[in-house]
Every structure is written in structure tokens, then in C-alpha cells.
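For clarity, every value in this text was computed on a predicted model and none was experimentally measured.
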Amino acid sequence: MVVQHSRTGQDVDVKVQPNYPLLCGVSNNWKEVDDLTNLNPLHEAAVLECLRSRCKSDRYCTKAGITLVAINPFKEIAGLYDIDTVHQYRNRNAKEQAPHIFCAAEKAFSAMSSGVGFVNQSIIVSGESGAGKTWTARCLMKYLASVAVPYNPGHFEPSPADCIERRILQSNPLLEAFGNAATSRNQNSSRFGKYIQLQFDRGTHIVGASIQTYLLEKTRVVHQAEKECNFHVFYQLLHGATTEEQTRWGLTKGSLSPDLVLFDFLQSAERRQDETSLDLASTRNAMCNVGISDEQQQQIFQILSGILHLGNIRFYSDDDLDPCDIDDSDSDCAHSLQFASQLLGLDSKSLVQSVIFRQITASHSTKRKSVFMRPSTAKEASNRRDCIAKLIYARLFDWLVSSINRTTCAGKWYSFIGLLDIYGFESFYSNSLEQLCINYANEKLQQHFVTHFLRAEQEEYQTEGIPWSFCSFTDNRPCLDAIEGKISVFTLMNEECNLNRQSNPVNFSQQVLEVVKTKYISKPHRSHQQATFIVQHYAEPVVYDATGLIEKNKDHTPQDLVELLLGSKNDFVKQLVQIETSNSQMVQKKNKTHKPAAKTVVKKFKHSLDSLMSTLNQTIPHYIRCIKPNTTSQPDVLDSQYIVSQLRACGVLETIQISAAGFPTKIGYTEFWQRYRMLLCNLSDDDVRSGGSKSLCADIIQSVFGDEGKENHVTQALYGNNKIFLPDGQVWCIVYILYCLCFVLTSSSLCLVMKAKRTM
């Protein structure tokens, strides 16, 4: 440490003795700091330097108070998640182990096993696309399934627990195949959220699991943005099916041509040539392990092929507003029309007529109705075709989740550990309903995190007998009110859907700006188009495009298209659509007296999210924040600005700032005494042997600061039952004075030695 000599005025470098206890955060010891809240000083630069140093030494997990920060290394690290590492963290104190995602899993399992307080646990894994959420959730499931107490009184081989474990773990690759896709940011991006409950009995034997999914991005089936791909399973099917299957499902151009058909729904097929038969074999194996028969698998792949063929049914018209028809001269269109009809069990003429004509029902009275057909434009026909594809795929995905739950969910259980793998905050050049719902979910989770964090801080202060009244924090409740409140973006969207009229995006965006009067809704810069509005999220402001927003929120499938599918000769297709139809009929029976309000996307999503938050509030949460170190997914590259933006977005930096705003340094009396007892003079032997006490530590603070804090109205140190709480910067004053004292004593000793030599 550099100090100024009192007589010469020159800078002198003072070195700490090797045996002196170092504070966390000293520049040559960054990689040893395993909790960011222990950094002294506590600021962004220190956090970045600490994370960078730890990553260089292959330490990619760091604690930040109650949160675990996990940086994606983008490379294989030997032994990081193997069974030996599982055993290393099993039944060990988390404070004694290096930070690891297994620490969070072990902490949750131990808390559940103890049966104290809330028995049920939740591990919330968050982060942006490509940060490693899916891999982290997969490893957490593997750890919890491995450490659960084995139970096999009948000595079966394999044991019931092994069968359940295999089914639970095999549900991951199956859901990833049907729910994940390659995006511009991530080659395996989850396009849905999921909450997995691992169920245990009183003896902590794992007895089952259930999966709840949220907001599948089904629009991806029919449209992908530039440099984006469709769901993995389509490419696995296209490149991995056998030659006989490819011919049977019309994936090749003909029996004499081995060339694959170019499908309009797979605009980026050339980017996914790495999907081989091995990937499809893995998906098929996962299906077998969760109880899906070979016959059902063939039906699933047949329907997926039919969906691909639907995308190649193309329409043309002389003018944009003229009635359309299919192009008979297009050989690919004719080929796909034949196979789409055949694979989905539909009559080709009925399929074409249902798409190029719209059925309109006019009600004259309660008893009289007129039904007539109106020709569709090419754009309208394409939208109706896409409705069929999205409906079938969404129902197929729901059927898969239900099938997994039927074979893995226990009839009875005592407790559970939930794993929440939710999409991260998103902000693109063009943001629509998907981004609004995703960012709304992140707002809800951020509110839950801040509330729980402050509660944990309060408990520590109350345990130590310290009053909690000094700290303020950013409450995102006003932003949530602007999104979901009584007068909010969601209510305006739902009202617009109920009006049953053509929506004007410019008028709607203007209505949002005029009606939702809050600083969290604002008008964008002139460089953006008129049909936009800004929501000031806790992470960053996001510009939302109102074009198509209301239509997406309606998520309406015309009844005549549903009836078309209900008349399918394919029993599996009919079964999938009947799920949707039966749900609609139940709603209609409950609302006989009046027409029920439209069940919009945001209504359904808000309801499911409220249910999730209710579940989380009844569990003990554990937080893992996954961080993507750079935008190019390269190993050993840390982009400081990019990392900081993520830490701010997920609330980690605010967590640290809340700690810094109060008393970021909390040191036990014994440790404080051992470090700084040299600052007290005339110590008695009893004082030295005492090992430190509250009064002696108070004497050290008094000897350093005196009454300076009171005179300048500076926050003083507080004394808890077992710890001393120091305000930000105070510990460095103590260290500075201690170093100066060491320098003076060292200089005095040197003078005495030199004087003794001269007298000899």
C-alpha cells in the first residue's frame, strides 16, 4: 500500500506481513473471493475484476449473497459436473465448498430433508438466451435424482426409483427437441418456459415428477426471423428419418429422386445440416423412456411431416385484394397438398376450400343465423393455413407434456423441489407480443427476488438485533401495474380484442400513451415508426411494435378450420383437436346466459404466471443467475460491458448495491479482534486471551474514529449479537491506519537496530 511519509512527503510502498489476515477483495486475491458481497470496496469494477479473475482460473460460479452467479464457459471442463463432483457436494456445508450449481441443489435438498419451515423448495434459473439455463437445469435434475435416497424393498431390477429417474431425465431431450430452436444468439434456445416439480416422499425417496409449461412460441412453426430456425425436431426428422420414412411422408421429391423437398416453414434448413440420424435416434429413445409407443411415435412424425407440407401450399391472385387460388402449375405445391391431406387425414378439396374461403356467420336473432362463404385474399389464405399448422403443433406439444406427466407424476407425495427454467429478458430491433409476455414474466420474478432478498437481509439484521430502516430499493411494482393493472397495456389489449373489429396499430399505440398515464410508458424517438410505445422495464427500456399485437393476442382459430380437423380420418389428429374443443365447450356451458369474454394470450399467460408465483411464494427459493460472457459464444472471452448489462438486468448489481447502501462489511467479533487488535494500546493479558468481545471491538472503532462520525453525522458502526456491522468505506480507514502503524513500527525498529550497530 502506498502512503505519504510525514517528513519527506515522498510516497512509500508499505507491504503487509505474509502472516497478516488479508481482507477479501485485495487485488492479488480476486479469484479467492467466492462471494461478491464480501468485496471491499463494493462496486461494479470490483465485481467485474473478481469475475474475470475467477473465470481465468476456471471458477465459473460465484456467490452474490443469496444468489449464485454462473458464467457459461462455452467449453468442456473435465469433472465439473461428473458423479465424483456430485459426491463432493453431497452432505457438505455449502459455506465450506467452492461455489457451484450443485451447492444450490444440495442446499435445497438439505432444507427439504430437514423439514424445518417451508418444506418445499424452488430453484429459479434465469438469464438471457445462450447463458446456459437449459444446461444448468439439466445438471440440477441429474444431481437431485442422484442424491435422492434409493428405495427398492422388492429388489427389482431396475428399481422403481431408477425407472422414475430415467423417465425424468429423458423428458429433457424430448422437450428440447420439440420446444427449443436455434436463434441468432443461441443454438439451443428454449422457446417456452417450464417449471419441473421433483416429488419426494417422507423418506426423501424420489417418487415422481410433473412439468408445467408456459407460452410456447408457436408462431416459430410458420415464421422465423432472419438467421433463426424452426424447432429442432423438424430438422431431426428431415435429416434423420430412414429412406423408407422419407418416401412414405413425402420428404423427398419423389421415389426416383433422393433430394429433400425445400420446405417454406424451414427457411434456414441449410444451417441445420448437423442434425443427423443420431439426433432423431436420441429423441426416439427419449420417447420410449417416457412411455410413448413406437406406433405413437410414427403418428407424431407423420403429423410433423404434414405440418411441413402445409407450408408449401402457396396461393396467388392477380391483385392483393382479389380472391386467391392455389397454383396448379407449381409442382412442389401440388406434391405438398397431396401429402399434407394424406398425412393429416383430410380431403384435399375440403382443405383447399376451407383455406381460400372464409365462413361468416351473421346472427339475426337468437334463433335465426345466416352462414355464407367469403373468398380470401392470398394473405388471408396464408394466415388461415398457418392457423392450422400452429394449432396442430401447439396441441401436439401439450399432448407430449401430458404424456410425460402421466408416466412420471406420483399419485401422492410429501414434498417437492421445483426447477424453474424461464426465458430471460429480451429486447430486439422489433419486439412484439412474445417479448412483452417474456419481459412481463421477468418483471414478476424480479419482484419476487427483491422481496425475498430484502426479507433475508431483514432476518439477518433482526437476528443480530440491528434495526432495519436505512435501506431503500428499486420497486418495480409501478411498472407491473402499467403492464397488468386495472388501467394498463394488458387491459387495453383485451378490450381491443373484445370489440371484434379490425385493429389499427397506430391508434392503439396512441391509446396506450394517452390512457396509461405513468412514467413507465413513454413515446419513442421519432426514428421509430408511429405504431410503437416504450415500457420502462427494470432492466432497460424496450420499444414494442403494435403492428399485429392485437391479432396475436386474440390467437383466434376460426371455427370452420377446427371443424375441418375434427372431420379428419386420422384419429390422432382428431384427438389433438378435441382437447381444444372440449375446453371451449366447458367454458360455453358455464356462460350460457352471456357470451364469454375472449380468452386472450395475455389472459391465459397472466393466469398461469399468477399460479406459478403462488407456488413460488409457498417455497424456499434459491436463485441461479446464468451469465453469457460474450455475444459470440466464444470460450475465454469476457465482454465487460455485456456482462454488466446482464448483471444489472437480473438484479445482481442492485443486490450488491443494497448491501453497500447499508453495512456491506459484516465481521464476527473474534475475526475483527484478530485482525485489528494492534490498534489498541496497553492491552492486558486477559484482553489478549479473551479472543475478542463486543466492548473491545467498540474500543477499536473508538480509537480509530473517536467522535468524528457523530460530529459529521456519519453513520457509525453497529454492534450485533455476534457481528460488527461496518458502513461502506469504514473498513478501509481502519486498514489504512493499521498499515501506517505497521510502517511506523517497522521504521522505528530499523532505527533502533542501526543505532545498536553503531554503538557496538
Side-chain angles (χ1 to χ4, degrees), residues 68 81 83 86-87 89-91 94 100-126 133-152 158-176 179 190 192-214 286 289-291 400-422 611-612 614-624:
L68 180 72
Y81 302 108
I83 193 64
V86 171
H87 294 319
Y89 283 86
R90 180 69 188 109
N91 285 326
H100 196 286
I101 62 172
F102 289 167
C103 279
E106 176 59 28
K107 189 176 179 181
F109 187 79
S110 299
M112 182 195 68
S113 303
S114 68
V116 179
F118 279 134
V119 176
N120 298 325
Q121 313 286 312
S122 288
I123 303 177
I124 301 171
V125 183
S126 60
K133 300 186 300 296
T134 300
W135 174 260
T136 299
R138 192 188 306 169
C139 292
L140 290 171
M141 286 181 63
K142 180 181 178 182
Y143 180 91
L144 293 169
S146 300
V147 302
V149 178
Y151 182 66
N152 188 16
S159 69
D162 289 338
C163 293
I164 293 171
E165 178 183 341
R166 183 172 65 250
R167 287 181 177 179
I168 292 171
L169 295 179
Q170 284 299 309
S171 67
N172 262 325
L174 180 57
L175 290 177
E176 286 181 25
S190 297
F192 70 105
K194 62 178 179 287
Y195 184 66
I196 304 173
Q197 278 189 354
L198 301 180
Q199 301 157 346
F200 300 84
D201 63 12
R202 284 182 176 272
T204 64
H205 311 111
I206 190 166
V207 293
S210 66
I211 300 171
Q212 178 69 44
T213 60
Y214 305 93
N289 286 326
V290 299
L400 284 171
V401 174
S402 298
S403 298
I404 294 171
N405 286 335
R406 278 196 300 270
T407 58
T408 59
C409 187
K412 293 182 180 179
W413 69 89
Y414 175 69
S415 59
F416 69 82
I417 297 178
L419 303 177
L420 179 62
D421 176 7
I422 203 78
S611 176
L612 171 65
S614 177
T615 301
L616 293 180
N617 288 331
Q618 298 175 34
T619 64
I620 297 177
H622 309 267
Y623 299 94
I624 298 179

Pairwise side-chain contact, [X] with [Y], heavy-atom cut-off 4.5 Å (strictly under):
X    : Y    : result
Q197 : W413 : yes
I83  : V86  : yes
Y195 : L616 : yes
V119 : M112 : yes
T408 : V290 : no
Q121 : F109 : no
M141 : I196 : yes

Approximate separation, where rounding is to 0.5 Å, of [X] [atom1] and [Y] [atom2]:
X    : Y    : atom1 : atom2 : result
I404 : C409 : CD1   : SG    : 12.5 Å
L419 : I211 : CG    : CD1   : 10.5 Å
F416 : T615 : CZ    : OG1   : 6.0 Å
I164 : I206 : CD1   : CD1   : 7.0 Å
F102 : Y81  : CZ    : OH    : 7.5 Å
I422 : S126 : CD1   : OG    : 9.5 Å

Does the plane of the ring in H100 sit parallel, tilted or perpendicular to the ring in Y89? Use 30° and 60° as the thresholds. tilted
Indicate the atoms forming the closest heavy-atom contact of [X] with [Y], along with that distance.
X    : Y    : answer
Y143 : A105 : CD2-CB, 3.4 Å
S190 : T134 : OG-OG1, 2.8 Å
A209 : N405 : O-OD1, 4.4 Å
A410 : Q199 : N-OE1, 3.0 Å

Go through it in stages, so that I can follow the logic: the residues are I620 and H622, the test is side chain to side chain contact (heavy atoms under 4.5 Å, CB included), and I'd like the CA-CA distance, side-chain angles, deciding distance and then a yes or no. CA-CA 7 Å; I620 297 177; H622 309 267; 3.9 Å; yes
Check step by step if side chain to side chain contact (heavy atoms under 4.5 Å, CB included) holds for L68 and C103. CA-CA 9 Å; L68 180 72; C103 279; 5.6 Å; no
Side-chain donor-acceptor contact under 3.5 Å, S113 with T204: no
Go through the steps for I417 and L140 under the test side chain to side chain contact (heavy atoms under 4.5 Å, CB included), then give the verdict. CA-CA 11 Å; I417 297 178; L140 290 171; over 6 Å; no
Is any side-chain N of the basic residue among K133 and D421 closer than 4.0 Å to the acidic one's carboxylate O? no
Output side-chain donor-acceptor pairs under 3.5 Å for residues 169-176, partner residues at least two apart or in another chain, one line each.
from : atom 1 : to   : atom 2 : distance (Å)
S171 : OG     : I168 : O      : 2.5
E176 : OE1    : R138 : NH2    : 3.0
E176 : OE1    : N188 : ND2    : 3.3
E176 : OE2    : R138 : NE     : 3.4
E176 : OE2    : R138 : NH2    : 2.8

